[in-house]
Visitor: 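Below: one structure in structure tokens.
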Amino acid sequence: MRKKIIAGNWKMNKVISEAEQFLNEVKTSIPSSDQVDSVVCAPFLSLPALVEQAKGTDVKIAAQNMHYEENGAFTGEVSPVMLQDLGVDYVVLGHSERREMFNETDESVNKKVKAAFDHNITPIVCVGETLTQRDANETKPHVEKQVKAALEGLSEQQVKETVIAYEPIWAIGTGKTASSEDANEVCAHIREVVKTTVSEDVANEVRIQYGGSVKPANVDELLAQSDIDGALVGGASLEPESFLKLVEAGKHE
Ligand SMILES: O=C[C@H](O)COP(=O)(O)O
């Protein structure tokens with residue numbers, strides 16, 4: 001039985017005081033990490049305060065990106081060494097917004113995934129198709145290519161620990177959710193890809209999230225699907241009450 005993982009991706013929202021207030025409001029109500037993994041993915045500036053506040057609680061903290069190099073002449077970037085030093089648990093890599101707007105490629109995502117493991121940070125790797133690709137029946141081959149590229153060169157243990165987030169781009173921030181069955185079909189395909197490229201054992205353990213307009217009203221149905229092990233949530237993770245409902249839903253399944 002795979003433990004569910006619910007991650008709230010705040011994207012470019014909340015100043016530090018707002019982030020602190022959010023964590024103060026949720027931290028005592030977060031379910032035990034024996035039941036569900038609850039993750040807050042925050043902008044870099046809020047990470048030090050959040051990591052500090054999350055100590056001794058069941059909230060895990062994630063960055064939303066990082067560079068793959070440990071240090072050097074990369075103006076404006078944040079390295080895995082810096083995130084490890086801070087005590088960050090997870091990092092979101094290859095989000096479609098970064099692929100679309102910040103030149104993230106399959107190759108850089110793979111380098112970042114490896115760098116994350118080198119620094120004891122668990123990667124949440126995002127994959128997903130555009131509406132054009134979906135309409136052209138290219139969803140599965142496209143997602144398969146992204147998954148294979150992201151996991152290239154990892155050990156079996158590392159693949160097992162990787163969290164894969166399937167996010168159809170047309171469903172992000174649009175209010176349009178993939179139907180639970182469609183979302184599950186792609187997540188099941190991703191598991192099949194892991195099975196054929198790595199092993200059945202790893203495929204059975206790797207956790208696959210769905211993301212794209214997940215909210216308290218639809219999370220139960222999505223999490224009830226056979227191959228959906230959690231959610232990566234944008235808009236509906238910004239309010240404490242809504243986030244708590246989402247992590248509670250992860251506990252039930
Ligand atoms: O990382 C989160 C996803 O991009 C989903 O965002 P959304 O829940 O606002 O659609």
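Being a predicted model, the structure only gives us computed values, none of them experimental. Whatever order the structure lists them in is the order used to number ligands and atoms, beginning at 1.
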Visitor: Does Glu138, at its CD atom, have more than 12 non-hydrogen atoms belonging to other residues, nucleotides or ligands within less than 6.0 Å?
Guide: yes
Visitor: Does Lys215 have a heavy atom less than 4.0 Å from any atom of ligand 1?
Guide: no
Visitor: When the side chains of residues 119-126 are checked against the rest of the protein, which donor-acceptor pairs come out under 3.5 Å, sequence neighbours left out?
Guide:
residue	atom	partner	partner atom	Å
His119	ND1	Gln84	OE1	3.0
His119	NE2	Glu70	OE2	2.9

Visitor: Looking only at heavy atoms of Ala236, does any of them come nearer than 4.0 Å to an atom of ligand 1?
Guide: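 No, Ala236 has no heavy atom closer than 4.0 Å to ligand 1.
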Visitor: Hey, is ligand 1 close enough to Thr174 that some N/O pair sits below 3.5 Å?
Guide: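 No, there is no polar N/O contact under 3.5 Å.
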Visitor: Using a strict 4.0 Å cut-off to heavy atoms of Ser213, name the atoms of ligand 1 that fall inside it.
Guide: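 Answer for ligand 1: 7 (P), 8 (O), 10 (O).
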Visitor: Return yes when Ala171 approaches ligand 1 closer than 4.0 angstrom through a heavy atom, no otherwise.
Guide: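 So Ala171 counts as touching ligand 1.
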Visitor: Tell me whether Gly235 has any N or O atom under 3.5 angstrom from an N or O of ligand 1.
Guide: yes
Visitor: Run the numbers for me: atoms of ligand 1, each under 4.0 Å from some heavy atom of Gly212, listed by number.
Guide: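 Every atom of ligand 1 under 4.0 Å from some heavy atom of Gly212: 5 (C), 10 (O).
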Visitor: If you take the nearest heavy atom of each of Glu167, Gln64, Lys11, which one is closest to atom 6 (O) of ligand 1?
Guide: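 Heavy atom nearest to atom 6 (O) of ligand 1 belongs to Lys11.
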Visitor: Look at atom 1 (O) of ligand 1 and say which protein heavy atom is nearest, naming residue and atom and giving the distance to 0.1 Å.
Guide: Asn9 ND2, 2.9 Å
Visitor: Please tell me whether Gln133 and His142 have a donor and an acceptor in their side chains that are separated by less than 3.5 angstrom.
Guide: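 Checked: Gln133/His142 side chains pair up, N/O donor to acceptor below 3.5 Å.
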Visitor: If the threshold is 4.0 Å, N to carboxylate O, is there a salt bridge linking Lys60 and Asp37?
Guide: no
Visitor: For ligand 1, does Ile172 get within less than 4.0 Å through its side chain, its backbone, both, or neither, judged by non-hydrogen atoms?
Guide: both
Visitor: With respect to atom 4 (O) of ligand 1, which of His95, Glu97, Gln209 exhibits the smallest heavy-atom separation?
Guide: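 It is His95 whose heavy atom sits nearest to atom 4 (O) of ligand 1.
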Visitor: Give, for atom CG of Leu50 and atom CG of Leu45, the distance between the pair rounded to the nearest 0.5 Å.
Guide: 11.0 Å
Visitor: What I want to find out is whether Glu248 reaches Lys245 closely enough, with some N-O distance under 4.0 Å, to be called a salt bridge.
Guide: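 Between Lys245 and Glu248 there is no salt bridge, as every charged N stays at least 4.0 Å from the carboxylate O atoms.
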Visitor: Does this structure show an ion pair linking Lys148 with Glu144, if we count only N-O contacts that are shorter than 4.0 Å?
Guide: yes
Visitor: With respect to atom 10 (O) of ligand 1, which of Gly173, Gly175, Gly234 exhibits the smallest heavy-atom separation?
Guide: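 Closest candidate by heavy-atom distance is Gly173.
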Visitor: Are any of the side-chain heavy atoms of Thr139 and Glu185 separated by less than 4.5 Å?
Guide: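 They are not in contact (no side-chain heavy atoms under 4.5 Å apart), so the answer is no.
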